[in-house]
Engineer: 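Okay, handing you the structure first.
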Amino acid sequence: MADDGRDPARQGEDPPDVFAARRQKLAALREAGVEPFPYGFGGVEPIDMVRAAHANLEVGEETDCAHRVAGRLAARRGQGGMAFLDLVDRSGSLQLQARVDELGAERMRLLLELDLGDLVGVDGLALRSRRGELTLRVTDFELLAKSLRPPPDKHHGLTDTETRLRHREADLLANEHTRAVFITRARMVSAIRRYLDAEGFIEVETPILQPLYGGAAARPFITHHNALDRDLYLRIAPELYLKRLLVGGLERVYEIGRLFRNEGLSPKHNPEFTSIEYYEAYADYLDVADRLEALMRQVTAEIGYEGPLDFQRPWHRETLAGAIRQRTGVDIGANRERDELARAMRAAGLQVPETDSWPQLVDELVSKHVEPTLIQPTLLFDYPIEISPLAKRHRSEEGLVERFEAFMAGMEIANAFSELNDPDDQRQRFEQQRVLAAGGDEEAQPYDEAYIEALEYGMPPAGGIGFGIDRLAMILTGQRTIREVVLFPAMRD
RNA sequence: GCCGGCGUAGCUCAGUUGGCAGAGCAGCGGACUUUUAAUCCGAAGCGCCUGGGUUCGAGUCCCAGCGCCGGCACCA
């Protein structure tokens, strides 16, 4: 067990030798007047800059170019008059050469007595070793922070999933791949921001603690405000607040932030996750679709995406009903009642969950038979009005709304529509949701009067979209589970 | 919530039909001035997830619990 409360090193009683040895070294350092936790180390260069400065250095060539670097001691080779050490910082790793004829016997001994995992600052001269490795010959060094806990195996790294997730710091310091995934995620998010900022969108923040939740079909977390003595909900979506900003004239807004949905965990689901939603006045869902493609083209180019998905070509587009009909033979448009759709599904040889409503059967068809087939980026258009209470009625198709969802790698990643801006129609939709809620649907959207009032001021026609940052990060970094792109995913206690 | 797999040293992993709990790395002592999973010599380190049970004897078999993983359910 990684964290069973009995780990003696965490309890400070009778520690095993590997821990005790570090404690003893710490005490010895203080005894010798060395501060094991100094305050800083100025003038440090990132390791990749040092590498770049000497990219053309010949094998065996030495220079008198001085560099100052800092990082974690990751490996050590040699114990005699010369030793090699590997130093790792956020940008890479660099070999250090320690020589007794450079440092003197005492400094050499102190350098070699450092533990793997210690944080060290180094001054040295660049050279390329006989084996072709860029190396810094250490002229001086300083302990920057003593490590009291042995790092994971230098070769095998840390592989135990539970330890990696519960102690992500250990995962990050041991596994370069983990660092790369989260750096890519961060670059992806900043590329999204750059795209939207350049297009005249402004980033906003709306309430996470909400008196009424809405904007998605999901069960919320409930919390309590003591001073107000009332329950509040952690938001399941920012949608309704963002559209109120369209009413207010902000016209192009986006929000990146955490959402909370009180559902089970899975490789695709974490109870808190990051979404982005953006809304654009005077656009419809077709404009949103085009912009999504443009956004993803730019983001994947900026992060240097080289995976199996093709974001450069126009995405595959089909209608929801067409996608279902093509893959199952079931026509949801011709079977608008629950029982007749169930009959059609049975006739097609499909399982029909007995308690499912019409919308749930549609969802069943999509998630079981369509979604897994959508590997390359695909947009499915025109959803039934029953499952889309915030989307505008289709301009030409009865019973549908102007809505699309984006799929890739067999996952749903985005949901967009022409936004419903007719307050009377919106009121009716909420009423229908009320009926569903009365029928026991825990995920029906609550009636939001403040939102209706906002629409009554007049909301411009607009297109909007929301998508999951985590799922996109999974796809762009090639990870199979959401836990690998969330730094500290939800775990049992 | 249900079903299945897994849990052994700081890390990575062996452990035979039930018979004294192991290796590599890391750590400790020593040798070594161009190594990069450094090498060599020496001496250490494991309440085997927790709690019961069967047995002369349990890491191993049985039961329960906890955690992780995978699937189902729920869904996003």
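A, B, ... follow the sequence lines: proteins, then strands. Residue 1 opens every chain.
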Engineer: On a whole-Å scale, what distance lies between the P atoms belonging to U33(B) and C48(B)?
Structural biologist: 45 Å
Engineer: Between U36(B), C68(B), C11(B), spot the one nearest the side chain of E133(A), thanks.
Structural biologist: U36(B)
Engineer: Which part of the nucleic acid, if any, lies within contact of G60(A), taking any heavy atom under 4.0 Å across all strands shown: a base, the sugar-phosphate backbone alone, or nothing?
Structural biologist: nothing
Engineer: From the options C11(B), A38(B), C68(B), select the nucleotide whose nearest atom is closest to the side chain of M491(A).
Structural biologist: C68(B)
Engineer: How far does the P atom of G4(B) sit from the matching atom of C63(B), given to the nearest Å?
Structural biologist: 11 Å
Engineer: Here's a test for you: under side chain to side chain contact (heavy atoms under 4.5 Å, CB included), which of L111(A), V120(A), L87(A) qualifies with L96(A)?
Structural biologist: L87(A)
Engineer: Going by modelled atom types, is there a donor-acceptor pair between the base of C75(B) and the side chain of H269(A) at under 3.5 Å?
Structural biologist: yes
Engineer: Do I385(A) and V401(A) make a side-chain contact, defined as non-hydrogen atoms from C-beta onward lying under 4.5 Å apart?
Structural biologist: yes
Engineer: Mind checking Q97(A) for me? I need base, sugar-phosphate or nothing, with any heavy atom below 4.0 Å counting as a touch.
Structural biologist: base
Engineer: How are the rings of F381(A) and Y285(A) set to each other: parallel, tilted or perpendicular (split at 30° and 60°)?
Structural biologist: perpendicular
Engineer: Could you check whether the side chain of D153(A) and the base of G10(B) have a donor-acceptor pair of N or O atoms closer than 3.5 Å, going by distance alone?
Structural biologist: no
Engineer: Should the heavy atoms of other residues, nucleotides or ligands under 6.0 Å from CD of E176(A) be counted, would the total exceed 12?
Structural biologist: no
Engineer: Just the rounded figure in Å: distance from C1' of A37(B) to CD of Q95(A).
Structural biologist: 14 Å
Engineer: With a cut-off of less than 4.0 Å, is there a side-chain N or O of T159(A) near OP1 or OP2 of C13(B)?
Structural biologist: yes
Engineer: Please state the P separation for the pair C62(B) and U16(B) - nearest whole angstrom.
Structural biologist: 14 Å
